[in-house]
Amino acid sequence: MTRSGQEYLEALRDGREIWLDGERVKDVTAHPAFRASAASFAGLYDLADDPAHHPVLVQGGVLRAFAVPRSYEDLVARRRAFRTTAEASYGFLGRTPDYMAAGAAGFAAAPAVFTGDAFDGAEQALGFHRRLAEGDLHAAFTLTNPASGPDEDDLTLRITGERDGGIVVRGAKTIGTGAVFADEILVGTIEPLAEDDLDHAVTFSLRLDTPGLKLISRTSYEGRSRSVFDHPLSSRYDENDAMLVCEDVFVPWERVLTYRDPATTGAIWWHTPAYLNFVHQSATRFWTKLEFLTGLAILVARSHGTDRLPPVTQALGRLLGMVAQAKAFVLGSEASYEEVDGGRGGVRPGQEISFAQRIMAGELYPRAVQDIKLLAGGALVQLPASGRDLLHPELGPLVRQYFRTPGHPAEDRVKLLKLAWDALGSEFAGRHEQYERFYHGAPHVYLTMQTWAGSADACERLAQTCLDGYGLGTTR
């Protein structure tokens with residue numbers, strides 16, 4: 001059954017060990033660096049209980065994202081659920097509960113992939129999916145290794161031993177996006193491992209209150225925000241990123257999905273629909289986010305009185321074309337769906353278009369941001385320090401006089417431009433530009449997978465057909 005937002009918040013008060021600015025955070029639901037974003041995640045749970053959205057978001061009593069799609073129509077229904085969730089944060093919350101829900105459904109669609117030569121994690125993979133779905137749990141993951149040189153101590157999370165009932169792990173993983181707001185965290189690796197690298201070849205999931213598990217948070221943009229008026233996005237939608245550190249953490253066998261098996265540890269992402277399901281969710285969110293940014297560009301141009309100038313209309317046309325491009329990749333991945341395990345595992349979005357979406361999005365987002373900044377011009381860097389300026393008895397009249405434009409009162413215009421700055425130029429915005437480039441791994445990971453996806457063979461065959469059609473003796 002689905003949870004309420006209040007039930008979700010209560011579950012976060014579990015004694016988890018979160019560190020920020022040298023301080024241990026006792027309660028993420030009350031701390032000024034996390035509480036508003038935690039409330040935004042809670043709002044997503046309440047959204048599922050809203051009669052207007054329940055039929056879109058919920059299927060069979062659980063989030064639709066947990067369901068294994070069996071047809072093209074199921075993929076479309078799941079995308080509509082993704083859109084509804086993405087619109088609630090204008091695309092700025094990336095790792096919402098539906099993200100890992102879709103990944104877990106990918107595991108459940110092909111559990112045989114978890115059966116390796118050294119360890120059989122098929123039942124655990126199914127149990128992971130079932131536990132998340134039945135508990136309506138929000139899971140995060142962390143797959144990235146900390147940077148370290150060959151002569152340094154091993155910093156990467158690794159297996160250090162076995163005990164009755166499970167294993168012991170030690171080390172770190174980085175970029176746990178949204179981890180501080182999650183019920184569980186899945187730990188693994190998505191990049192290929194050497195055949196003899198057994199100690200790092202492990203995948204498992206843990207509750208955030210597990211003894212010895214720590215999360216070290218990056219700077220909180222929410223904590224630095226002055227008000228919703230001054231920072232409308234970063235004050236509410238900072239999902240945060242954290243480094244996970246395990247100090248001899250015990251992991252029960254029932255939570256171990258892969259163990260000392262490099263081939264299987266990588267295959268669970270690429271040979272199940274999990275990664276493609278991630279892309280389906282994130283591509284839908286990207287489309288939503290680009291739609292929001294383009295709407296923001298239109299409003300800014302209008303407030304400047306430049307929206308009818310030919311260069312501006314052309315720039316807006318390019319942005320609208322980018323939105324259509326983002327939409328086309330989502331619809332194309334659904335239309336080119338493929339069966340999983342001969343149909344026994346349902347269907348998944350088309351692999352080639354899904355991989356291509358990652359290339360497109362990573363390159364398109366910085367261009368879109370740059371184009372909108374050009375439309376906004378210098379207005380973004382000359383704004384009142386805060387909304388309090390508008391309320392000041394002496395300063396307020398001056399701000400209202402000199403920051404207005406025809407048809408746009410100063411308060412409305414300042415509000416709009418502060419929203420634009422938060423989306424385009426703030427530190428929060430800079431993090432989002434980096435996120436859109438790297439949230440599914442470094443480009444060399446997904447570019448390599450694109451090469452292996454099969455389209456290279458078709459391109460090569462077509463070129464070879466031309467070569468085979470003529471030779472030295474060919475005449476006109």
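These numbers come from the heavy atoms of this one structure, side chains and all, not from hydrogens, waters or symmetry mates. Given the structure is predicted, the values throughout are model-derived calculations rather than measurements.
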Visitor: Strictly by salt bridge (charged side-chain N to carboxylate O under 4.0 Å, His left out), give each pair with a member in residues 112-134 just once, sequence neighbours left out.
Guide: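 Of all non-adjacent pairs touching residues 112-134, those that pass salt bridge (charged side-chain N to carboxylate O under 4.0 Å, His left out) are Arg131-Glu184.
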Visitor: Do Asn145 and Thr189 pair up side chain to side chain, a donor and an acceptor below 3.5 Å, judged on atom types alone?
Guide: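 The answer is no; no qualifying pair exists.
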Visitor: So for atom OH, which belongs to Tyr45, do other residues, nucleotides or ligands contribute more than 12 heavy atoms lying within a distance under 6.0 Å?
Guide: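 More than 12 within 6.0 Å, yes.
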Visitor: Can we call the ring centroids of Phe329 and Trp287 under 6.0 Å apart?
Guide: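 Ring centroids of Phe329 and Trp287 are no less than 6.0 Å from each other.
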Visitor: Centroid-to-centroid, His138 to Phe181, below 6.0 Å?
Guide: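 They do not qualify: ring centres at least 6.0 Å apart.
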Visitor: Using the ring of each side chain (for Trp, its six-membered ring), is Phe41 parallel, tilted or perpendicular to Tyr8, with breaks at 30° and 60°?
Guide: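 Because their plane-to-plane angle lies in the 30° to 60° range, the rings of Phe41 and Tyr8 count as tilted.
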Visitor: So for atom CG, which belongs to Leu375, do other residues, nucleotides or ligands contribute more than 12 heavy atoms lying within a distance under 6.0 Å?
Guide: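 More than 12 within 6.0 Å, yes.
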Visitor: Flag the pair Phe141 / Phe278 as yes when their ring centroid distance falls below 6.0 Å, and as no otherwise.
Guide: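 Under 6.0 Å, so yes.
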Visitor: When you measure from the centre of the six-membered ring of Tyr439, is the NZ or CZ of Arg358 under 6.0 Å away and within 45° of the axis?
Guide: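 Yes; both conditions hold, so Arg358 lies above the ring face of Tyr439.
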Visitor: One thing to verify: whether Glu427 and Arg224 come together as a salt bridge, which I'm taking to mean a side-chain N less than 4.0 angstrom from a carboxylate O.
Guide: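 Yes.
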Visitor: Report yes if the side chains of Asp98 and Phe66 come closer than 4.5 Å at any heavy-atom pair, otherwise no.
Guide: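 Asp98 does not reach Phe66 side chain to side chain.
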Visitor: Answer with yes or no whether the side chains of Asn240 and Ser217 bring together a donor and an acceptor at under 3.5 Å.
Guide: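 Yes, side-chain donor-acceptor contact under 3.5 Å.
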Visitor: Are side-chain N/O atoms of Asn277 and His280 paired as donor and acceptor at under 3.5 Å?
Guide: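 Judged by distance alone, the side chains do not pair up.
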Visitor: Could you tell me whether Phe428 and Phe92 have their ring centroids closer than 6.0 angstrom?
Guide: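 Phe428 vs Phe92: aromatic centres under 6.0 Å.
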Visitor: If the condition is ring pair (Phe, Tyr, Trp, His ring centres under 6.0 Å), which residues does His31 pass it with, not counting sequence neighbours?
Guide: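 Per chain and number, His31 pairs via ring pair (Phe, Tyr, Trp, His ring centres under 6.0 Å) with Phe34.
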Visitor: Got a sec, which pairs hit salt bridge (charged side-chain N to carboxylate O under 4.0 Å, His left out) with one end in residues 342-351, sequence neighbours left out?
Guide: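 Of all non-adjacent pairs touching residues 342-351, those that pass salt bridge (charged side-chain N to carboxylate O under 4.0 Å, His left out) are Glu338-Arg348, Asp341-Arg344.
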